[in-house]
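Here's the structure we're looking at; comments come further down.
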Amino acid sequence: MQDAAGGLGAAPAKFVEMDGVALRYGGPDGTLALDGTTLSVARGEFAAVVGPSGCGKSSLMKLVTGLMPCTGGSIRVAGADVDGPLKIVGMAFQNPTLLPWRNTLLNTMLPLEIVRPHRHRLRQFKDKYIAQAKELLAAVGLAGFEDKQPWMLSGGMQQRASLCRALIHDPQLLMLDEPFGALDAFTREELWGVLQKLWLDRKFTCVLVTHDLREAAYLADVIFVMSARPGRIVATHRVGLPRPRTVESTFDKPFIDLVHAIRTEISRVRDEAGLAARAKAV
Amino acid sequence: MTSRNWRRLNVAMPWLVIIGLLVVWQAIVDLFGIAAFVLPAPTAVWAAFLEYRDAILHNALFTLKNTMFGFALGIVVGVILGVLIGSFRLVYSGLYPLLIGVNSVPKAAVVPILVLWLGIGTAPAIATAFLLCFFPIAVNVATGLATVEPELEDVLRSLGASKLDILRKVGLPRSMPYFFASLKVAITLAFVGTVISETLASNDGIGYLMLQASSQFRVPLMFAGLGVIAIMGIATYVVFALLEARLTGWATRRQDAPLASGG
């Protein structure tokens with residue numbers, strides 16, 4: 001498999017590849033956060049990673065984006081080994097982390113001031129870039145809020161702006177770490193629709209880390225279920241449900257069955273982890 | 001009370017307090033017949049100010065100039081140190097204990113050394129003002145840089161941002177409220193530094209004037225000198241408070257937000 005992926009022709013099929021990845025914090029005797037994690041995400045695919053809390057889902061984000069080196073195995077993105085921070089990734093977190101001294105428009109445009117080649121063109125083609133940012137804001141329902149400071153926006157609106165900031169430079173890879181975790185249930189469902197629409201329009205490769213199984217089933221093409229620490233992939237589900245999915249469709253039987261199956265798997269890995277911890281204590 | 005009256009009262013409060021204090025002061029001196037060489041009445045201080053106003057203004061300007069030079073130097077060095085301490089872990093662990101040590105030394109004890117190196121008058125006054133005021137600036141800028149959210153740093157690093165990019169786009173703006181808060185402390189400390197140095201080693205400045213007045217028992221003149229320093233301190237403080245409100249309004253506007261968007 002790896003040999004095939006190494007060839008130039010095979011590279012586009014698999015965009016993100018993790019092969020036997022291990023991560024240990026704090027030296028050789030430190031905590032093992034990930035162990036033998038193997039997964040691959042095709043170009044343009046929407047992948048979700050679910051698992052019990054503390055299973056190393058967020059570490060996985062940092063590894064794939066190269067913000068943190070792995071201590072074992074290999075990670076390849078777009079056919080190249082990851083050996084430092086990638087330069088083209090869009091990221092969004094549970095905390096929207098908008099800059100309070102910038103309005104919504106300028107917050108959205110922040111990546112354009114950093115990413116090459118945009119940073120050198122920004123001044124010259126300012127109008128074009130502003131139009132582009134406004135269009136994106138409108139696509140997530142923030143038209144008319146361009147001049148508002150972040151603290152004037154509700155939590156859901158801040159998260160929409162954060163999504164725009166992650167996508168303004170047309171990244172090939174979008175990494176989302178519990179982006180809707182702090183929102184109320186209705187806002188969350190609304191933003192699933194927003195994100196699905198953006199993805200259907202733009203077809204970037206997306207990795208979503210979440211503990212919300214309905215969220216994963218609503219958005220993803222493929223769901224990876226992780227075990228408790230040390231995390232590894234214990235199951236992979238292809239989600240064949242038709243798109244665009246709606247909140248209504250989350251009450252259909254195939255959807256509920258899928259969520260139920262994943263729920264059962266996670267219960268099992270949690271129970272196993274609990275037993276292992278108790279055995280260790282005795 | 002209507003909110004407009006309340007706001008007016010809010011603006012008038014500092015003046016009311018100062019006037020009240022002067023009135024009480026005057027009343028105590030008059031009632032108990034306190035001698036002018038112990039505690040001169042405000043009217044006596046004002047008379048002394050008018051009598052010696054040329055000398056006072058000349059020396060006040062000298063003090064103000066030295067303070068501003070020392071303060072400017074303190075800002076430059078303080079910001080550079082703060083950025084280095086806040087950005088590099090090794091610089092932090094290397095320099096912080098030293099800085100604490102330097103800051104703990106009473107500056108009055110350093111002035112004789114400065115005089116030995118720099119002579120008397122302007123140079124040691126600027127140096128003392130600088131020594132007193134760079135520390136809070138450095139510490140506050142470093143603190144501001146340390147409060148950048150790690151997630152935001154991740155967002156920027158995964159876009160290919162350099163350390164300098166992160167500093168320019170996030171670190172420095174984030175530390176501005178801390179910087180301005182420190183300026184308000186630092187400017188008053190700079191005045192303290194200049195006057196200490198002038199008292200010990202100068203032939204000009206308010207510190208020197210007060211030392212002369214003291215040796216001649218001209219107590220009202222001493223108080224006039226004190227008053228002038230206080231007024232200069234308040235005036236520069238106000239300048240920086242206004243600058244702060246203009247440049248870092250985003251940090252304090254938060255409290256008004258519910259009012260603004262309440263409709």
Side-chain angles (χ1 to χ4, degrees), chain A residues 58 61-68 77 82 84-103 106-107 109-119 145 148-154 157 162-163 165-179, chain B residues 79 83 86-87 89 140-141 143-183 242-263:
Chain A
S58 298
M61 294 258 307
K62 291 207 166 201
L63 290 176
V64 171
T65 48
L67 292 171
M68 198 192 267
V77 172
V82 174
L86 299 177
K87 302 199 165 171
I88 40 116
V89 186
M91 281 180 122
F93 299 86
Q94 180 170 333
N95 177 356
T97 61
L98 300 174
L99 304 176
W101 56 91
R102 288 174 173 236
N103 65 24
L106 290 175
N107 260 298
M109 291 174 69
L110 177 68
L112 299 177
E113 296 168 26
I114 306 229
V115 174
R116 281 163 230 279
H118 303 298
R119 64 185 295 165
F145 289 91
K148 295 276 183 286
Q149 301 295 125
W151 39 266
M152 295 170 164
L153 304 180
S154 68
M157 288 163 126
S162 172
L163 272 181
R165 183 180 65 188
L167 289 172
I168 185 71
H169 57 293
D170 263 323
Q172 291 178 294
L173 180 61
L174 179 66
M175 303 292 291
L176 302 171
D177 188 358
E178 304 265 8
Chain B
V79 168
V83 167
S87 308
R89 184 74 215 170
N140 275 274
V141 170
T143 307
L145 291 179
T147 59
V148 172
E149 296 102 324
E151 291 97 345
L152 194 54
E153 226 165 302
D154 285 350
V155 167
L156 294 174
R157 280 177 62 207
S158 61
L159 295 171
S162 65
K163 224 171 158 110
L164 189 66
D165 284 333
I166 297 177
L167 184 69
R168 274 177 46 220
K169 300 292 178 194
V170 182
L172 286 180
R174 165 79 73 229
S175 62
M176 277 300 113
Y178 296 85
F179 172 67
F180 277 102
S182 75
L183 287 193
L242 289 176
L243 266 181
E244 178 185 27
R246 271 199 77 86
L247 294 176
T248 65
W250 56 266
T252 46
R253 227 178 304 164
R254 226 170 258 275
Q255 285 120 26
D256 307 338
L259 294 173
S261 63

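As a basis for the values below, the full set of heavy atoms in this structure was taken, side chains included, without hydrogen atoms, waters or symmetry mates. Reminder, nothing fancy here: chain letters follow the sequence lines and each chain counts from 1.
Contact count against chain A (heavy-atom pairs under 4.5 Å) is highest for L159(B) among L159(B), D165(B), V170(B). By number of non-hydrogen pairs under 4.5 angstrom with chain B, the leading residue of L86(A), L110(A), N95(A), L173(A) is L86(A).
Of the atoms belonging to R102(A), it is side-chain heavy atoms, and not backbone ones, that fall under 4.5 Å from chain B. Looking at K62(A), the atoms closer than 4.5 Å to chain B (heavy atoms on both sides) all sit in the side chain, from C-beta outward. In this structure, no portion of L98(A) lies under 4.5 Å from any heavy atom of chain B. Only the side chain of L99(A) comes within contact range of chain B, with heavy atoms under 4.5 Å apart.
Counting only heavy atoms from C-beta outward, the side chains of V64(A) and V89(A) never approach each other to under 4.5 Å. Side chains of L145(B) and R174(B) form no contact here, defined as non-hydrogen atoms less than 4.5 Å apart. At a threshold of 4.5 Å between non-hydrogen side-chain atoms, the residues F179(B) and V141(B) count as touching.
The backbone N or O of P96(A) sits less than 3.5 Å from a side-chain atom of R165(A), completing a donor-acceptor pair.
Of all the heavy atoms in M91(A) and A166(A), the pair that sits closest is O-CB, 3.5 Å.
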